[in-house]
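What's counted below: heavy atoms across the whole structure, side chains too, no hydrogens, waters or symmetry copies. All figures in this text were calculated on a predicted structure; none of them were measured in a lab. Below, chains carry the letters A, B, ... as their sequence lines are ordered, and counting in each starts from 1.
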Protein chains: 2
Amino acid sequence: MNIEHMRAFLEVAATGSFQLAADKLHVTQSTISARIKALEERLNRQLFVRRRNGAELTAGGHHFHRHALTAVRSWDRARQEIALPDDMKAIVNLGVQLNHWDRIAAPWLNWMNSNASNLAAQIVSEYSEPLMHRLRDGLLDLAILYDPQQRPELVIESFLVEKLILISTTPRQVEAERVQGYIFVDWGDSFKAQHSLAFPNAPSPKLSVGIGSVGLNHILQHGGSGYFIEETVKPLIAEGRLFRVKDAPEFKRPTYLVYQDNPSDHDLLETAIKGLRSILPDTV
Amino acid sequence: MNIEHMRAFLEVAATGSFQLAADKLHVTQSTISARIKALEERLNRQLFVRRRNGAELTAGGHHFHRHALTAVRSWDRARQEIALPDDMKAIVNLGVQLNHWDRIAAPWLNWMNSNASNLAAQIVSEYSEPLMHRLRDGLLDLAILYDPQQRPELVIESFLVEKLILISTTPRQVEAERVQGYIFVDWGDSFKAQHSLAFPNAPSPKLSVGIGSVGLNHILQHGGSGYFIEETVKPLIAEGRLFRVKDAPEFKRPTYLVYQDNPSDHDLLETAIKGLRSILPDTV
DNA sequence: CACCTTAAATCGAAAAATCCGATATTACCC
DNA sequence: GGGTAATATCGGATTTTTCGATTTAAGGTG
């Protein structure tokens with residue numbers, strides 16, 4: 001059965017007329033007639049009552065309506081979501097950590113745009129775990145994340161090691177093993193491990209956030225301190241809006257590039273990776 | 001786009017092989033090949049990577065999968081729900097009150113089976129209000145209910161007047177305007193009105209149920225009293241398991257037959273109504 | 001390296017479906 | 001009975017789909 005037949009059905013149901021439906025769908029009335037007939041034959045059930053002033057749904061037709069709707073919609077959505085513009089060759093699906101949107105996703109999109117304009121790009125921004133799931137399910141071509149899980153069909157490469165430093169809105173030092181107004185930013189499992197090792201007696205912090213930028217905004221507005229990626233806060237330190245807490249331990253946070261072992265499109269992946277590496281000129 | 005194409009897609013995705021999918025769908029492998037090709041062309045996107053040992057979904061293919069699934073499913077469900085067996089001519093959709101299943105729906109189905117075997121019958125059993133909704137939405141050909149709302153396109157006929165009598169598991173009379181272990185069965189709006197008129201000072205009952213048979217079962221098991229349809233409890237009174245409470249007021253509950261004014265199939269409706277009337281030999 | 005095997009792609013022809021345009025039919029209104 | 005506004009039907013052109021046979025591609029194997 002054809003989706004266009006169901007679309008015709010929906011249009012007739014909506015307009016109450018074969019002719020109007022035909023106009024809307026840019027076909028002749030006889031075509032609509034044939035399509036409805038085909039539907040009715042395959043379902044072996046009448047869908048419309050033909051009256052002098054148009055067509056009206058039967059009880060069966062009404063029942064059919066919701067199914068037709070979902071079928072037509074899912075096809076339309078499929079096209080919207082995955083159809084590729086004519087001038088594009090393929091789509092790369094990249095997943096990045098929420099925190100990495102500014103630092104990685106945005107410049108990568110930029111790079112792709114100018115260096116591989118025949119490739120469309122889609123980016124999913126999520127936490128590590130959902131990204132892993134999507135990778136495993138084949139919904140992503142590649143992803144950049146912390147805490148990857150090794151899997152036979154996945155290749156994991158080290159991508160970038162970030163330095164997490166303790167900063168504060170006022171110049172200060174570590175006091176009583178903890179600074180005031182401390183916000184715990186969840187930078188992933190390995191960070192949590194290092195953190196509790198470095199501050200074994202620290203009480204659980206009042207505030208705990210999952211996304212770096214959220215925590216940073218909070219601190220900038222209300223004051224406080226927390227661990228953030230050095231690169232991100234560097235400009236703010238230079239401006240004098242933030243201060244590095246001396247003597248506080250630093251943490252390293254490794255980031256990994258993960259992708260399917262035998263990808264659906266080798267060149268595609270290679271280009272995407274090239275783009276990713278190129279936006280990290282500071283790495284060796 | 002054709003549903004069968006998507007089915008082919010799903011089958012290839014499931015089996016990982018064009019050939020196996022072809023076998024399952026009873027077509028040739030070249031057909032599968034063409035169908036997938038058609039899909040890929042219309043979406044302008046590759047769905048499978050063809051490998052030596054079969055076909056594997058691309059990221060795009062994975063994304064498409066859920067849409068294909070819902071589209072195919074909705075068509076299949078539509079067929080299941082509304083397709084008519086070859087030897088049937090039409091389906092009547094009847095709605096009855098929950099309480100009326102035994103008294104009306106079951107015997108009607110029986111009647112239809114023997115007197116109009118070329119008509120399929122579907123019954124929806126619900127409360128009055130949802131039945132009205134379904135009628136209004138054209139999902140039912142006719143319904144039997146209490147408290148119908150008048151609407152221009154609906155015909156309402158009186159169908160049956162039931163007598164509600166107060167019964168109890170022990171012989172007793174009305175005491176202090178209320179009997180013990182009383183269960184309030186919600187027999188609809190007009191009953192509620194009559195009830196509160198007859199027992200103006202009655203405290204709200206401990207138990208209140210919406211379906212007659214549920215309340216009846218409760219009483220039979222745990223003892224108690226309540227209003228029930230005379231016809232239903234008559235055999236139980238005869239058995240000595242229930243007793244009629246003397247002096248208690250009786251209530252009438254009118255039931256209506258409601259259907260579309262100009263139905264999609266006049267004969268169909270007429271037959272159905274004839275069947276309904278015929279199972280009420282006790283009415284004038 | 002030549003050969004084999006397995007899986008998918010392609011090709012040509014037959015079959016089926018779809019669509020159009022014109023015309024027929026139907027029901028109702030005047 | 002004629003007119004009108006709707007859908008149904010018909011014949012033929014066109015397009016799509018299918019099949020069966022063959023070809024191509026990518027790995028294995030001796």
For this session: Please collect all salt bridge (charged side-chain N to carboxylate O under 4.0 Å, His left out) contacts where either partner lies in residues 104-122 of chain B, sequence neighbours excluded, each pair once.
Result: none
For this session: Could you check whether B/R35 gets within reach of a base, just the sugar-phosphate, or nothing at all, counting any heavy atom under 4.0 Å?
Result: sugar-phosphate
Exercise. Nearest 0.5 Å, what's the CE-CG distance between A/M6 and A/L39?
Worked result: 7.0 Å
Problem set entry | Contact list for residues 104-115 of chain A, test side-chain hydrogen bond (donor to acceptor under 3.5 Å, both in side chains), sequence neighbours left out | A/W111-A/S278
Exercise. What are the 5'-most and 3'-most nucleotides of DNA chain D lying under 4.0 Å from any heavy atom of chain B?
Worked result: D/dT17 to D/dG27
For this session: For DNA chain C, find the residues of residues 52-61 of chain A with a heavy-atom distance under 4.0 Å and give them by number; none if there aren't any.
Result: A/R52
For this session: Determine, step by step, whether B/R77 and A/R66 satisfy the side chain to side chain contact (heavy atoms under 4.5 Å, CB included) criterion, reporting the C-alpha distance in whole Å, the side-chain angles of both residues, the deciding distance to 0.1 Å, and the verdict.
Result: CA-CA 10 Å; B/R77 276 201 64 181; A/R66 69 188 201 91; 3.4 Å; yes
Exercise. Starting at CD1 of B/I36 and ending at P of C/dT10, how long is that distance when rounded to a whole Å?
Worked result: 14 Å
Exercise. Can you check whether A/L145's main-chain N or O pairs, donor with acceptor, with A/T255's side chain at less than 3.5 Å?
Worked result: no
Exercise. Near DNA chain C, under 4.0 Å by heavy atom, which residues of residues 20-28 of chain A?
Worked result: A/V27, A/T28
For this session: Could you tell me whether the phosphate oxygens of C/dT26, OP1 or OP2, come under 4.0 Å of any side-chain nitrogen or oxygen in A/R50?
Result: no
For this session: Please check the phosphate of C/dT18 (OP1 and OP2 only) for any side-chain N or O of A/H5 closer than 4.0 Å.
Result: yes
Exercise. What nucleic acid atoms does A/Q19 come within less than 4.0 Å of, heavy atoms only: base, sugar-phosphate, or nothing?
Worked result: sugar-phosphate
Problem set entry | Donor-acceptor under 3.5 Å (A/S74 side chain, A/T70 main chain) | yes
Problem set entry | Trace of the salt bridge (Lys or Arg N to Asp or Glu O under 4.0 Å) decision for A/R50 with A/E40 | CA-CA 13 Å; A/R50 281 73 160 172; A/E40 289 181 328; 2.8 Å; yes
For this session: Measure from CZ on B/F48 to P on C/dA8 and round the result to the nearest Å.
Result: 10 Å
Exercise. Who pairs with A/H65 by ring-ring contact (aromatic ring centres under 6.0 Å, His included), at least two apart in sequence or on another chain?
Worked result: none
Problem set entry | Aromatic ring pairing A/F18/A/F48, orientation class (parallel under 30°, perpendicular over 60°, tilted between) | perpendicular
Exercise. What's the verdict on side chain to side chain contact (heavy atoms under 4.5 Å, CB included) for B/I3 and A/I3, showing C-alpha distance, side-chain angles and the deciding distance?
Worked result: CA-CA 7 Å; B/I3 290 285; A/I3 289 285; 4.1 Å; yes
Problem set entry | Which nucleotide in C/dT10, C/dA22, C/dA9 has an atom nearest any side-chain atom of A/S30 | C/dA22
For this session: Return the value, rounded to whole Å, for the distance between atom CD of A/E41 and atom C1' of C/dA16.
Result: 14 Å
Exercise. Got a salt bridge between A/R277 and A/E157, using NZ or NE/NH1/NH2 to carboxylate O under 4.0 Å?
Worked result: yes
For this session: Output yes when at least one side-chain N/O atom of B/S33 is less than 4.0 Å from OP1 or OP2 of C/dA9, else no.
Result: yes
